[in-house]
Every structure is written in structure tokens, then in C-alpha cells.
Amino acid sequence: MNIDEFLDPTILIVSGKGGVGKTTVAASLALVAARHGRKVCVVEVDQKGTLTKLLGGRSATYEPTELTPRVWGVNITAERALAEYLEVQYHMKRISRVFTSSHFVDYIATAAPGLEDILILGKIWFLEKGRYTEHNFDTIIVDAPAAGHMLTFLSAPMGLSDAVRVGPIKRQAEWLVEMLRDPKRARVHLVTLPEEMPVSETLETAAALDGKIGISAGQTFANAVYRPLLDENEQSLFEEIAADGSIDELCKAADRVGLSLDGRDLEALNGYAGFLQSRRDIQADHLARLRKGKGGVIDLPFLFSAGLALPDVESLADVIEAEVASL
Amino acid sequence: MNPINELVSVKEIIVCAGSGGVGKTTTAAAIALRAAMDGKKAAVLTIDPAKRLASSLGLKELSSEPSKVSKAKFTSAGLKPKGELHALMLDTKSTFDKVVLRYAPTPEQAERIINNRFYRNISGTLSGTQEYMAMEKLYELHADGGYDLIVIDTPPTRNALDFLDAPKRLTDFFESRVLRWFLLPYMKATGGIMRIANVAATTFLRIVKKIVGAEVLEDTAEFFSNLEGMYDGFKQRAQDVAALLKSDNTSFVVVTSPAEDSVTEATYFATRLNESGLPFGSLVVNRVHPSFGEPIDVTPRQLRRLQEGDERDRLLAKLLINEDRFRGLVHLEEKNLKGLARRIPRHLWVRVPYLQTEAVDFPGLIEIAERLFDGEAEAV
């Protein structure tokens with residue numbers, strides 16, 4: 001797939017179960033888009049600022065701030081979105097403070113489930129249209145709430161436009177439905193880990209998106225995939241050496257370059273190689289399950305750096321570019 | 001003595017807490033399983049509707065009432081439990097209904113609340129409800145279930161602290177002055193003074209009505225007026241639950257992985273437990289990458305020469321690189337965990353390494369239980 005085609009929809013929604021690396025993928029996608037000349041806005045939804053920090057910025061605010069060249073960040077909360085909505089829709093600047101107390105937003109969320117999500121999606125719509133902001137973003141990347149919640153998040157406008165019969169809210173909910181269902185404007189990418197539960201949930205989520213919610217799913221990102229260590233020849237050589245007990249062959253090889261390995265070192269080498277292999281075997285089953293689903297799967301490598309910083313995000317962005325091209 | 005082993009022998013309630021995706025549910029189930037093996041009547045109460053846990057326990061599904069794990073499940077794994085293992089899942093709605101039935105002055109009033117539309121939305125959306133009801137269910141099980149040990153995992157809140165604040169948040173919400181103030185015109189029998197005060201509220205209402213619709217407002221007002229008189233009951237119960245959690249019968253087990261964000265959350269959580277006077281019991285460090293020995297020192301030059309050598313040399317080079325990567329990871333994980341040791345003394349830690357198989361079936365749970373109970377406590 002051409003990278004421009006991949007980046008064609010303005011809104012890229014990145015979603016997945018908690019702890020699968022959704023935020024890392026969102027950050028990497030932001031870099032990919034920026035590298036291809038887009039002015040990017042990354043959107044966190046009521047978060048602690050992990051995404052923006054990953055991109056080298058401070059915690060994001062409701063107003064866009066530049067994190068790294070061409071990448072801006074915002075943090076949308078339902079409270080602020082409600083305040084803005086009241087201000088632009090009803091010119092209620094002063095009183096909106098009372099409305100936006102957390103109890104009131106809790107009340108709204110309970111009285112009319114989905115309204116909170118709609119306020120957030122509404123702000124994303126504003127950003128897409130370039131309204132009430134001085135910026136004009138080419139790409140908006142949304143780090144969406146965790147999966148179970150995500151389906152309710154994305155289906156909120158459909159629910160509301162069915163429930164309300166007339167009035168401005170009805171019309172606005174319909175605008176959001178149009179935005180989400182148009183594959184030229186919005187695309188949902190799912191992130192998962194090659195493990196039992198995350199894969200099952202991803203397959204369920206993808207089916208639901210396609211089915212009852214009617215939003216076209218984009219790619220699935222399988223995160224933290226262990227890359228193979230040995231090629232086929234090396235693997236059979238390794239097995240051969242291990243099987244006939246001639247493991248000290250490796251000691252001799254080491255000796256020749258001035259490295260002295262004892263039995264415990266060989267055990268360690270063997271232990272780590274075996275550990276990697278057993279984890280890869282587990283992952284392979286789950287990756288196969290994932291590939292049986294619809295849509296392309298992009299494997300992202302396990303990062304031994306474990307710490308998450310801009311260089312990790314850069315290297316994942318490299319992988320995404322290469323993988324997209326080979327789709 | 002292994003800290004988990006010790007807790008199970010003396011406590012009646014174990015609360016497993018920690019951020020999402022670190023294996024809380026599995027840990028909770030494994031602790032209860034082992035307690036059952038050792039002769040206790042144990043129950044695991046899970047918040048997560050994990051189908052996998054049900055099937056790994058040989059249950060069709062988990063319901064809101066305890067189901068007993070069959071003896072056959074144990075026998076087929078070659079085990080003879082001296083006690084019993086029960087499992088159940090939190091059903092927020094039905095637990096809340098019970099609370100309403102208990103505190104409503106009349107059955108009619110309870111019914112009015114339960115049929116109210118605003119009330120029906122509460123269990124699904126209002127933040128704090130799930131946490132509050134988890135505590136409620138725990139209290140009920142402890143009081144009436146006849147269990148020796150109840151193990152509960154906590155809801156996957158974004159912030160582990162939400163869990164501790166939940167009962168207060170929920171009772172505050174019900175008593176919120178802002179809400180009552182603006183709903184007053186919709187409530188029956190408001191006095192003259194109230195009406196004057198509410199002239200300002202009408203502008204407010206007009207807009208809310210536009211946003212959520214008049215029906216919704218009426219539903220809410222009806223809900224709140226029906227709730228009058230029940231706050232004291234709610235509050236009392238919240239206090240009882242808090243007292244139970246702080247008692248000697250209870251212990252908190254914090255579950256974490258060695259990943260940075262998860263460790264940060266665990267550190268914060270341990271601090272909060274301490275500040276809130278809640279009894280901390282043990283730290284479970286899950287998903288630790290195993291170490292297979294002392295580091296091997298290779299110079300870049302040696303490595304390069306191996307990479308340029310024959311097939312056997314190249315094989316060795318790759319094995320050395322692999323060792324170096326995992327070794328680096330083990331080192332990083334240790335570094336992440338180091339800060340936690342300042343908060344939680346190491347003799348309270350138990351480590352569960354990444355196993356070479358997945359802990360998704362009954363034997364997997366048994367293996368986790370073995371690691372939890374038989375693993376040595378950390379050397380100080």
C-alpha cells in the first residue's frame with residue numbers, strides 16, 4: 001500500500017485493550033504522518049499525558065501545543081468540550097463553569113449515556129473542520145479509550161441520533177456519524193498483543209466495528225512481536241550441536257576470537273535462546289488467529305529497550321513505513 | 001516464610017490491586033485455588049468478565065452467585081483439594097438492586113427506583129459504581145457466605161486510586177448540592193424560598209433540557225426524590241465496608257509487572273494504601289523476564305570477528321547478541337523495580353517469571369499458584 005493512501009483519511013483512531021501499546025503506536029503513526037509532510041494533531045482523551053511525553057512534549061492541554069516539528073498535541077476532556085460547546089452554541093461563557101463541574105458531567109453521562117463521548121467526538125469534528133482553532137491539521141490521530149469502552153465511544157453518535165428526534169443535537173450527532181462512517185475521513189486501527197485475551201478481544205472488536213457499528217476498520221497492529229533469532233540453517237546447526245552434545249564446538253569458536261566460555265555461559269546462551277523460541281511459539285499461534293480475521297496485520301517488533309522514549313517511537317515509525325509499503 | 005502463604009493462612013479477605021494487564025485476575029484465582037487445596041473454603045470474586053477464567057475453572061460461565069469448581073477438575077490435574085473453591089463474577093446491576101431494596105423505606109419506593117430510567121443507566125456509566133458494588137458484594141460474601149477466604153480482583157480503572165475513592169465519590173454524587181439545586185424545579189413539594197432561589201436555575205435548566213431532553217430531566221428528578229431518606233443507609237454501609245477493609249481480616253496484594261508505567265502505578269498505590277490506613281500484605285511482580293546466569297562479557301571486536309566467521313561462528317554471535325539483549329532487559333526491569341523496594345520491603349515481594357507456556361488453563365493456574373506460594377521471598 002502506498003503510504004499516502006494509508007494516510008489519506010484525516011482521522012486515524014488508534015484503539016485497543018489497555019496495556020497493549022496503543023499509545024506507542026499512536027505516537028509512531030504521528031511521526032510517520034509528519035515525515036510525509038502532514039501537520040499532525042495527536043489527541044489524548046482524558047489522559048495523563050503519556051502520549052505527548054512520548055513525543056517529547058509536556059502534558060497536553062485542551063489548546064494544541066507543538067510537541068515535535070509538525071506534531072501537535074491536545075488533551076480533550078468531556079468537561080472542557082462541554083464548556084466549549086455551550087459557549088459556541090449558546091454563548092454561555094459565564095455559567096458554563098457550573099455546568100462543567102465534574103458532578104455535572106457525571107450527571108450528564110448518566111442521564112444521557114454517550115453524551116460525554118459525543119462531546120469528545122464533537123471536538124474532534126471541530127478540529128477536523130478547523131473550527132474554533134487557528135490550526136489546520138492534515139492528520140488527526142486519536143488515542144482512543146480502551147477496547148470495550150471504545151465500541152461504546154464510537155457508537156455513541158449512532159445511539160443518540162436514533163434516540164433524539166429533532167433539534168440541534170440530532171443534527172450534530174448525524175454529522176458525527178457521517179464523519180466516522182466515511183472511510184475517506186476516518187479509519188480505526190486496532191492494536192493488540194499476540195496473546196490469548198488481547199487477540200480474542202481484537203477479533204471481536206473488529207467484527208463489531210464492521211458489523212453493527214458500520215465503521216471500516218483499517219490495519220491491525222500486532223505489538224511486541226519477537227523477531228526470529230536464527231535462520232533455518234543456523235537453527236538446524238544449533239539443534240545438531242545441542243543434540244549430539246558437541247556444544248563445546250561453540251567454546252572452540254569462542255576461543256578463536258579470545259573469548260572464554262564455560263559450561264554456565266553455554267547454559268545461559270541456550271536458556272535465552274530457548275526462552276525466545278518458546279515465546280515465539282506462543283505468539284505464532286495467536287498471530288495466525290489474528291491473520292484469519294479481515295484486514296491487514298502489521299507486526300511491530302518487541303523492543304528490548306523496554307523503556308519508552310522518542311528513539312523507540314522513531315524506530316517503530318520506520319517499521320510501520322516499511323510494513324505499510326509491503327501491504 | 002513466603003508472604004502470600006502467610007497471608008492466606010491468617011486473612012479472610014485478600015484484595016488484588018494494580019494497573020490493567022498485569023495479571024490481577026489470574027493472580028486472584030491462583031491464590032484462591034491454592035487456599036482451597038490447603039483446606040479452606042475459598043471464593044474468588046472477579047470483576048473482569050473473563051470467559052477464559054470460567055472455562056479454565058471448568059465452569060460454563062461465571063455468574064453473580066458463587067459456583068463451586070468441581071472435584072473432578074482437581075482430580076484430572078492430579079490434585080486432591082482439602083477444601084473448596086468457588087468462583088463468581090460481579091454483576092453491578094443486581095448488586096445495586098439489592099442495595100436499593102435494603103435501604104428503601106417501602107418496597108414500592110424500591111420498585112420506583114429500580115424501574116427509573118436514570119437508575120438503569122447508573123450501573124453502566126456512572127463512574128465509581130462498579131467499584132462501590134464490588135465492595136458491597138465483598139461485604140455481603142464475607143458476612144453471609146461462610147467462606148474462610150475471599151480473594152477479589154479490582155476493576156480495571158485507569159487509575160488504581162479510583163477504586164479507593166469510589167464509595168465516597170458515589171455518595172457525594174448522590175448528595176451533590178449542584179444537582180439538587182438545579183433539579184429542584186422538577187421535584188415535587190418545593191417551598192416558596194426554594195422557588196425564589198431557583199429563578200437562576202431556570203436558565204440553566206432550559207439549556208440542559210435542550211441538551212438531554214425534558215423526559216430525561218424528569219426521570220432524574222424522580223430518581224433523586226425517591227432516593228431521599230436513603231443516604232444515611234448508603235453512608236453507613238460505605239463506612240462499614242471501609243472498616244472491614246481496614247481491619248486485621250483484610251490484606252491488599254499489589255500486582256505489578258516490571259514495566260515502568262506499571263511499577264509507577266504500584267508505587268503510587270502502595271503509598272496510597274499506607275496513607276489510607278489500609279493493610280498492605282504483599283507485592284506480586286508478574287511477567288518478569290527470567291535470568292539464566294551471569295552476564296557474558298564480549299567485546300564488539302570479538303563479536304565482529306565471529307560475525308565474519310563461518311556458520312558456527314555466526315551462530316555463536318547471534319546467541320551472544322540474544323543473551324545481551326535479554327540481559328539488558330533483565331537489567332532494565334531490575335532498575336524499574338529498584339524504586340519500588342524503597343516503598344515495599346523486598347521480603348514482602350514474590351516474583352512470578354514469564355512462564356514458557358501461557359497460564360490460560362487449569363494446569364497453568366496451578367503453576368502460577370506454585371510460583372506464588374513456593375517462591376522464595378526476596379533476599380534482603
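Below, chain A is the first sequence line, B the second, and so on; all start at residue 1. Owing to the predicted nature of the structure, the values given are computational and were not obtained by experimental measurement.
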CG on B:Leu316 to CG on A:Leu250, rounded to 0.5 Å: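 Atom-to-atom, A:Leu250:CG and B:Leu316:CG are 5.5 Å apart.
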Nearest-0.5 Å distance that lies between atom CZ in A:Arg256 and atom CD in B:Gln302: 13.0 Å
pair A:Leu269-B:Ile296: side-chain heavy atoms closer than 4.5 Å: yes
Name the region of [X], side chain, backbone, both or neither, that has any atom closer than 4.5 Å to a heavy atom of chain B.
X        : result
A:Ile241 : side chain
A:Asn233 : both
A:Gln277 : neither

B:Arg327/A:Tyr272 under side chain to side chain donor-acceptor pair (under 3.5 Å): CA gap, chis, key distance, verdict: CA-CA 9 Å; B:Arg327 164 75 37 208; A:Tyr272 288 116; 3.1 Å; yes
Greatest number of heavy atom pairs closer than 4.5 Å to chain A - which of B:Arg287, B:Glu294, B:Arg301, B:Arg314: B:Arg287
Most chain A-contacting option - heavy-atom pairs closer than 4.5 Å, from B:Gly328, B:Ala317, B:Ser291: B:Ser291
B:Asp261 portion near chain A, given a 4.5 angstrom heavy-atom threshold: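 No part of it gets close to chain A.
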Under 4.5 Å from any heavy atom of chain A - which part of B:Leu320: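 Contact with chain A: backbone and side chain both.
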Pairing of B:Glu323 and A:Arg264 as salt bridge, 4.0 angstrom limit: no
Charged N-O contact under 4.0 Å between B:Arg312 and A:Glu249: yes
Stepwise side-chain contact (heavy atoms from CB on, under 4.5 Å) test for A:Phe275 and B:Asn322: CA-CA 10 Å; A:Phe275 178 79; B:Asn322 187 55; over 6 Å; no
Enclosure of B:Glu311 CD (heavy-atom neighbours >12, cutoff 6.0 Å):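 It does: B:Glu311 CD has more than 12 such atoms within range.
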Heavy-atom pair of closest approach, residues A:Phe304 and B:Leu329: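 Closest heavy-atom pair between A:Phe304 and B:Leu329: O-CD1, 3.3 Å.
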Which atom of B:Leu319 lies closest to which atom of A:Ala273, heavy atoms considered: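 The pair with the smallest heavy-atom distance is CD2-CB, 3.8 Å.
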Chain B interface, residue from A:Val20, A:Leu259, A:Thr50 that has the most non-hydrogen pairs under 4.5 Å: A:Leu259
side-chain contact (heavy atoms from CB on, under 4.5 Å), paired with A:Val257, selected from B:Asp313, B:Thr299, B:Leu306, B:Leu303: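 So the option named by the test is B:Leu306.
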side-chain contact (heavy atoms from CB on, under 4.5 Å) between B:Phe292 and A:Glu267, intermediate numbers included: CA-CA 7 Å; B:Phe292 289 93; A:Glu267 254 172 52; over 6 Å; no
